[in-house]
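Heavy atoms only: backbone and side chains are in, while hydrogens, waters and symmetry mates are out. Starting from 1, each residue takes its place in the sequence as its number.
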Amino acid sequence: MRSGHRLGHLWGHLLGHRLGRRFGWLWGAYGTSALGTWLAFGAFPLIAIQVLHAGPAEVAALSSVGAAAGAAVAVPLGPWVEFRRKRPVLIAMDLVRFAALLTIPAAFALGALTFLQLLLVSVVVAAADIAFRAASGAYLKTLLPAEDLLVANARFESTAWTTTIIGPPLGGAAIGLLGPVATVVADAASYLLSALGIRAMGGHEPRPERREAARMRAGDLLDGWRYILADATLRPLFFNTALFNGLVMATQPLLAVLMLDRLGFAPWQYGLAFAAPSIGGLLGSRLARPLVTRFGQHQVLVVVGTLRAIWPVGLAFIGPGTGGLLLVMGVELGLIFCCGVFNPVHATYRLQRTATDRVARTLSAWAVTAKASTALLTVLWGVLGALLGLRTAIGLAGVLLLATPLLLPRRAAADLSEPEPAPAPSRA
């Protein structure tokens with residue numbers, strides 16, 4: 001009986017029961033959908049190439065145009081989510097992604113799959129993802145006390161890196177055996193399971209108070225950005241994360257061409273160079289809370305936010321062979337470790353600085369900007385890579401990243417019990 005009690009206690013700890021049963025279900029749902037996403041990593045480009053015989057421009061459009069259009073579609077979703085119960089929104093966004101992805105294998109089976117359908121599905125999934133993240137952050141803030149938010153965000157971060165480690169290899173094996181469409185089915189199923197998990201959470205969620213003007217006006221779409229720009233600590237962090245994430249992601253296609261084409265690395269070596277260092281993210285996320293406890297939230301945010309910016313410039317010096325592979329893995333390990341610490345601290349800081357009735361709009365605006373800036377910078381760096389050369393363009397991104405710590409908050413946030421800034425009244 002004692003061993004059974006210990007096993008139950010361990011299982012409860014792994015499921016996050018220390019933060020409550022409802023958080024355990026939310027965490028499990030997040031892990032399931034994250035694993036499905038990584039199982040299907042690269043599936044859309046492979047389907048476009050292998051099934052639809054798409055060219056490089058079309059494949060690039062799937063990631064850049066699809067993400068940008070999805071961000072545009074998601075702009076009105078922030079205000080829409082804000083004044084609705086968040087758990088039904090989470091379930092709805094999971095079901096939207098499930099249904100959208102399921103059209104791919106259905107059309108493939110009927111021989112009716114087109115590139116336009118792939119593009120439209122990528123737009124729908126990107127928009128639903130932004131709405132889900134906005135609702136999830138708002139729900140988490142009401143679900144847990146402020147002192148538990150960092151623990152929760154660290155668990156989400158560690159789960160994200162764990163699925164990053166195990167998902168792509170499993171997905172690659174599935175693609176090799178069954179084809180890329182099979183992993184899209186797995187991804188769709190993960191969203192259905194996520195919806196069922198969130199549905200099983202139970203509990204009562206009060207309806208948010210509605211505005212005096214129930215009808216949304218055009219100016220309301222900018223409420224999230226107004227709130228961010230009115231806050232002296234959120235504003236620099238907003239620009240820092242948009243620029244940092246955009247520049248890091250913009251170099252990924254250039255690195256792929258440099259490593260796989262110019263330097264002759266095998267695909268498995270390329271995958272290993274970016275998958276293995278993800279263990280650093282898992283370790284960093286576990287250290288986030290102890291570091292904040294010892295040094296303080298603002299100190300960790302600034303120091304780790306600065307350290308993560310020094311690594312990417314090293315990617316401009318990749319050479320062939322084992323030495324080049326080890327260089328990439330070392331740079332990525334340092335970068336991902338710093339991101340593993342920074343991300344949950346940043347997510348917690350942002351939630352704590354945002355008024356409860358503004359969270360969905362703020363997170364939506366943040367995510368829309370991140371996706372749009374990443375898409376824009378990816379296109380720009382593709383042009384720079386063609387004009388200046390791959391190494392020069394990668395090095396330029398690394399040099400610009402060295403300046404991003406200047407956009408970190410220079411001082412600790414004021415006492416969060418003080419009134420938080422509200423956006424200026426919008427005009428129709």
Side-chain angles (χ1 to χ4, degrees), residues 32-74 93-133 160 163-164 166-192 194 249-250 252-257 260 267 270-271 274-275 367 370-372 374-379 382:
T32 301
S33 60
L35 179 59
T37 297
W38 282 108
L39 284 173
F41 179 70
F44 272 35
L46 282 174
I47 292 173
I49 294 169
Q50 295 181 1
V51 178
L52 302 176
H53 309 291
E58 291 174 306
V59 173
L62 275 178
S63 57
S64 57
V65 177
V73 171
M93 293 302 106
D94 269 338
L95 294 178
V96 166
R97 290 182 287 187
F98 164 72
L101 287 171
L102 210 59
T103 66
I104 301 297
F108 174 77
L110 296 172
L113 184 63
T114 65
F115 178 79
L116 179 60
Q117 182 182 352
L118 280 181
L119 186 59
L120 290 175
V121 170
S122 70
V123 170
V124 171
V125 170
D129 181 67
I130 291 174
F132 184 94
R133 290 175 182 272
T163 56
T164 303
I166 65 177
L170 291 177
I175 288 173
L177 291 173
L178 304 172
V181 176
T183 61
V184 175
V185 175
D187 192 15
S190 75
Y191 289 121
L192 178 60
S194 174
M249 295 305 298
Q252 294 305 304
L254 305 184
L255 283 169
V257 175
L260 295 172
Y270 175 77
F274 293 96
K371 283 188 178 291
T374 296
L376 177 62
L377 288 172
T378 299
V379 172

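Minimum heavy-atom separation, Gln117 to Ile104: NE2-N, 3.8 Å. Across all their heavy atoms, Val123 and Ala69 have their closest contact at CG2-CB, 3.7 Å. The nearest pair of heavy atoms linking Ala128 to Val96 is CB-CG1, 4.2 Å. Across every non-hydrogen atom of Ala174 and Thr183, the tightest pair is CB-CG2, 3.9 Å. Heavy atoms only, all atoms of each residue included: Thr163 and Ala34 are closest at OG1-CB, 3.8 Å. Taking every heavy atom of both residues into account, Val121 and Ala100 meet most closely at CG2-O, 3.6 Å.
Annotation: the span from Phe108 atom CZ to Leu113 atom CG amounts to 8.0 Å, rounded to 0.5 Å. To the nearest 0.5 Å, the span separating OG1 on Thr114 from CG on Leu119 amounts to 9.5 Å. We find the OG1-CG distance between Thr103 and Leu110 to be 11.0 Å, quoted to the nearest 0.5 Å. One finds the NZ atom of Lys371 at 9.5 Å from the CE atom of Met249 (value rounded to the nearest 0.5 Å). Distance check, rounded to the nearest 0.5 Å: CZ of Phe41 to CG of Leu46 gives 10.0 Å. A distance of 13.5 Å separates CZ of Phe274 from OG1 of Thr164, quoted to the nearest 0.5 Å.
Annotation: side chain of Thr37 is in contact with side chain of Tyr191 (closest heavy-atom distance under 4.5 Å). Put simply, the side chain of Phe44 reaches to within 4.5 Å of the side chain of Leu101, judged on heavy atoms. In this structure the side chain of Leu39 never reaches within 4.5 angstrom of the side chain of Asp187, judged on heavy atoms. Between Asp94 and Leu192, every side-chain heavy-atom pair lies at or beyond the 4.5 Å cut-off. Within the 4.5 Å cutoff, the side chain of Leu35 has no heavy atoms near those of the Ser190 side chain.
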